[in-house]
Number of protein chains: 2
Amino acid sequence: MARRQGQQRRASIHDVASHAGVSAATVSKVMAGVTTVKSENAQRVFDAVELLGYRVDPLASDMRRAKRRIIGAIMPEFESEFFGQMVTQLESLAEQRGYTLVAASSRESEARETEILARMHDWRVAGVVLAPVRNEHGPAAAFMKANGMTGVLIDRVLSDDAFDTVSADSAAASAEVARELLGNGHRHILVIGLGEQAATVRARLDGFRATALKLAPGVRIDVVLAETDVEPLRAQLRDYFAKGERPTAVYSLFLKGTLVALSEFRRRGWHCPNDISLVGFDDAEWMQVTWPAIAAVVQPVRQIAGHAMEALFARIEGGEGPPIARLEPCKVLMRESVGPPGNGPHSGTARGT
Amino acid sequence: MARRQGQQRRASIHDVASHAGVSAATVSKVMAGVTTVKSENAQRVFDAVELLGYRVDPLASDMRRAKRRIIGAIMPEFESEFFGQMVTQLESLAEQRGYTLVAASSRESEARETEILARMHDWRVAGVVLAPVRNEHGPAAAFMKANGMTGVLIDRVLSDDAFDTVSADSAAASAEVARELLGNGHRHILVIGLGEQAATVRARLDGFRATALKLAPGVRIDVVLAETDVEPLRAQLRDYFAKGERPTAVYSLFLKGTLVALSEFRRRGWHCPNDISLVGFDDAEWMQVTWPAIAAVVQPVRQIAGHAMEALFARIEGGEGPPIARLEPCKVLMRESVGPPGNGPHSGTARGT
DNA sequence: GTGAAAGCGCTAACAT
DNA sequence: ATGTTAGCGCTTTCAC
């Protein structure tokens with residue numbers, strides 16, 4: 001039987017006040033936990049609150065206060081484990097401080113990113129956690145500066161002259177990947193990535209290359225970088241292998257690259273680690289259960305979220321001082337997709353389904 | 001050089017009014033697109049708006065209006081592709097109608113679910129899209145009813161006597177899976193799932209069983225259902241195989257079950273589809289690139305989100321009538337993880353890494 | 001056509 | 001210790 005939907009009017013602070021026989025101001029004080037209220041009156045307020053099911057309207061409350069207790073979060077996407085976990089963390093941390101998190105996805109578009117930011121500014125959010133599509137030099141960060149917004153930049157950033165930044169220590173993690181691969185004896189390695197996320201991809205590439213060259217000056221490092229999207233990368237990778245290149249290991253600088261690499265291996269009938277080794281930046285749940293399990297760099301989501309919120313609230317509460325750039329250490333999980341080179345010969349021909 | 005963060009006061013409607021030499025009421029009308037304003041005055045308002053960078057404060061605006069243009073979305077989690085895509089879709093649809101989506105994760109807890117809902121009620125959201133942890137009979141839906149909230153239930157629901165519901169047609173999809181597996185010759189199939197999400201899991205199980213039995217009355221269908229969490233399921237599955245059970249195919253009723261099944265196969269050294277076939281409810285990007293690719297039921301996220309929002313806005317705008325229960329058709333993607341049984345003998349001993 | 005007045009639900013000074 | 005007053009930024013009658 002269709003119950004009628006629709007909001008019956010909720011009790012307001014005045015309803016409570018008249019039920020309790022006090023003024024709205026007193027109710028407000030009781031709700032705020034001010035102790036200077038006569039305990040008898042406080043009790044009457046509590047009773048009325050109970051009776052009427054009264055709850056403070058956070059919007060009306062914020063309206064009067066100086067700052068709104070809303071934090072905005074802008075992520076490039078919500079579909080990956082990484083950003084999903086990030087939003088979950090941020091939400092929970094905001095909530096702990098009595099703030100509401102409003103999250104939005106820029107869907108990898110800088111234009112949308114700025115639009116969302118403008119809307120968050122309209123909402124007069126207390127602060128923003130921005131995971132920019134590209135890096136700290138994009139239009140969104142500029143908008144935040146121009147409008148005096150409070151914010152923290154995370155993930156695809158290194159450091160900024162106006163905002164605190166928190167990201168994974170890509171360079172250090174990549175250096176460790178280099179040590180592992182070189183230690184396994186690899187001397188011809190392909191690195192794949194998406195170029196425009198400059199900040200972090202550059203750090204990952206440089207960190208890898210520097211350490212690899214130090215450990216084995218003769219190592220050959222090929223790089224396949226696409227500009228914006230993942231499909232061009234797939235095409236470039238296909239060309240690369242079609243030319244007859246036969247690296248013994250691939251290091252993918254981002255999650256979708258790992259998927260692309262895997263699917264290209266499949267097309268050619270190569271198996272890890274016998275035909276080729278694979279390590280990816282960014283871990284995912286499925287990587288442990290595939291055969292073979294895929295080695296991956298695990299980003300410390302909780303630390304990034306935690307330090308981002310810490311920094312943000314410090315600024316919201318008026319904290320001064322130069323911006324701080326944090327790099328959080330990653331874990332590198334070496335799984336079965338990595339082994340010594342040349343365990344099995346490459347099959348020279350593609351043989352996919 | 002640390003630029004000072006912090007909001008300089010934004011222009012209010014009164015600032016615009018005085019700059020334009022009109023009243024706030026007129027500015028409000030111009031912003032709302034009312035046409036009865038003298039075009040000369042309208043122009044002066046536009047100029048002032050431009051000059052001051054004025055934008056309506058949506059919260060203050062909602063304060064005065066009857067209903068707030070905020071939609072709440074509550075998902076069990078944000079970490080999976082399915083719910084990530086769902087939130088992205090919902091956000092975009094809400095935005096198209098001039099609403100803001102506030103999303104929150106119940107983290108698979110009914111207690112938290114109700115808490116979040118209470119907070120959304122405090123926010124006086126216009127409506128809620130709730131993907132309940134369990135099913136339509138949980139405390140959250142009850143809270144919504146008790147408080148006269150407007151809402152739509154999605155995903156782990158079948159139908160409700162108070163709210164519109166939208167979910168994937170689990171039964172039909174499972175029937176198709178049954179046809180595929182039986183058609184391949186399987187006569188001993190294991191179905192695994194998580195029991196407490198009763199609504200959909202039950203539909204998936206029943207849909208599968210009914211069709212399987214119709215096609216081959218002698219088929220043996222084993223069921224391993226865990227109550228709440230995924231780890232107990234893993235344990236039960238391990239016991240099941242340890243007893244010497246050797247089904248030729250496994251149908252997992254939910255994503256994490258597919259991962260668990262895969263990892264158990266690995267422990268035992270079984271490969272798909274030669275040693276055992278596998279189909280999972282819920283698709284994921286990685287399933288196409290693993291070796292072998294995993295067959296999966298693809299839920300129509302866009303349709304679910306679209307119809308949910310349609311139904312929700314219809315109710316928000318006062319639509320009456322009995323609740324509608326929609327079932328959206330799924331796609332079943334048969335991939336390499338499914339083949340005829342007995343292509344290769346099971347290796348009787350575990351041989352994992 | 002336009003503006004004055006009255007709030008939405010709340011809180012913060014300031015009186016009392 | 002409590003109530004009164006004055007708004008936060010906006011919209012909406014309702015006179016003019």
Side-chain angles (χ1 to χ4, degrees), chain A residues 7-46 48-49 52-70 98 100 119 121-126, chain B residues 7-46 48-49 52-70 98 100 119 121-126:
Chain A
Q7 359 252 34
Q8 52 247 39
R9 206 178 78 66
R10 288 190 67 172
S12 83
I13 199 170
H14 290 109
D15 301 325
V16 176
S18 58
H19 262 80
V22 296
S23 74
T26 302
V27 177
S28 177
K29 278 168 193 145
V30 173
M31 296 309 284
V34 172
T35 52
T36 62
V37 178
K38 212 190 337 180
S39 67
E40 189 202 310
N41 280 339
Q43 194 50 55
R44 305 177 55 134
V45 169
F46 286 134
V49 165
L52 301 173
Y54 172 72
R55 295 187 132 227
V56 176
D57 179 341
L59 251 65
S61 168
D62 276 1
M63 198 78 212
R64 187 58 229 277
R65 296 163 93 99
K67 260 188 179 99
R68 296 194 179 158
R69 284 157 304 179
I70 302 171
T100 297
R119 225 169 315 128
H121 189 214
D122 294 346
W123 273 59
R124 283 132 173 96
V125 295
Chain B
Q7 0 253 32
Q8 52 246 37
R9 205 178 77 68
R10 288 190 69 172
S12 84
I13 198 170
H14 290 108
D15 300 327
V16 176
S18 58
H19 262 79
V22 296
S23 75
T26 303
V27 177
S28 177
K29 280 166 193 146
V30 173
M31 295 311 284
V34 172
T35 52
T36 61
V37 178
K38 210 185 347 176
S39 68
E40 188 202 310
N41 279 339
Q43 194 51 56
R44 305 176 55 132
V45 169
F46 287 133
V49 165
L52 301 173
Y54 172 73
R55 294 185 133 227
V56 175
D57 179 339
L59 258 56
S61 168
D62 276 0
M63 197 78 214
R64 185 59 223 280
R65 295 164 95 98
K67 265 196 174 91
R68 296 190 179 162
R69 283 158 304 179
I70 303 172
T100 298
R119 226 170 313 128
H121 189 214
D122 294 345
W123 274 64
R124 283 134 173 92
V125 295

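Naming: A, B, ... by sequence-line order, numbering from 1 per chain.
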Item to complete: Can you tell me the distance, in whole Å, between the CG atom of B:Asp57 and the P atom of D:dT11?
Response: 9 Å

Fill in: B:Asp15 with B:Arg10: basic N within carboxylate O range, under 4.0 Å
no

Fill in: Spacing between A:Arg64 atom CZ and D:dA6 atom C1', to the nearest angstrom
7 Å

Practice prompt. Please state how far atom CZ in B:Arg10 lies from atom C1' in D:dG9, giving the value in whole angstrom units.
Written response: 12 Å

Worksheet entry | A:Ser23 vs D:dG3: side-chain N/O to OP1/OP2 distance below 4.0 Å | yes

Discussion item. I need the A:Arg124 CZ to A:Asp122 CG distance, nearest 0.5 Å.
Written reply: 7.0 Å

Worksheet, complete the sentence: Rounded to whole Å, the CZ-C1' distance (A:Arg65 to D:dG7) equals 16 Å

Worksheet item: Between residues 25-45 of chain B and DNA chain C, which residues have a heavy-atom gap below 4.0 Å?
Response: B:Ala25, B:Thr26, B:Lys29, B:Thr36, B:Val37, B:Lys38, B:Asn41

Worksheet item: Out of curiosity, A:Lys38 NZ to A:Thr26 OG1, how far, rounded to the nearest 0.5 Å?
Response: 10.5 Å

Worksheet entry | Interatomic spacing from CH2 in B:Trp123 to OG1 in A:Thr100 - rounded to 0.5 Å | 4.5 Å

Practice prompt. Quick one: closest heavy-atom pair of B:Ala11 and B:Leu52, and the distance?
Written response: CB-CB, 3.9 Å

Worksheet entry | Atom-pair distance (CG on A:Asp62; P on D:dC10), nearest Å | 15 Å

Discussion item. I need the CE-P distance between A:Met63 and D:dG9, as an integer number of Å.
Written reply: 6 Å

Worksheet item: Quick one: B:Arg68 CZ to D:dC10 P, roughly how many Å, whole number?
Response: 15 Å

Item to complete: Shoot me the first and last contacting nucleotide of DNA chain C against chain B, ordered 5' to 3', at under 4.0 angstrom to non-hydrogen atoms.
Response: C:dG1 to C:dG9

Item to complete: State whether a side-chain donor-acceptor pair under 3.5 Å links B:Arg69 with B:Ser61.
Response: yes

Discussion item. Can you tell me how far apart OH (A:Tyr54) and CD1 (A:Ile13) are? Round to the nearest 0.5 Å.
Written reply: 4.0 Å

Worksheet entry | side chain to side chain contact (heavy atoms under 4.5 Å, CB included) assessment of A:Met63 paired with A:Arg68 | CA-CA 7 Å; A:Met63 198 78 212; A:Arg68 296 194 179 158; 3.9 Å; yes

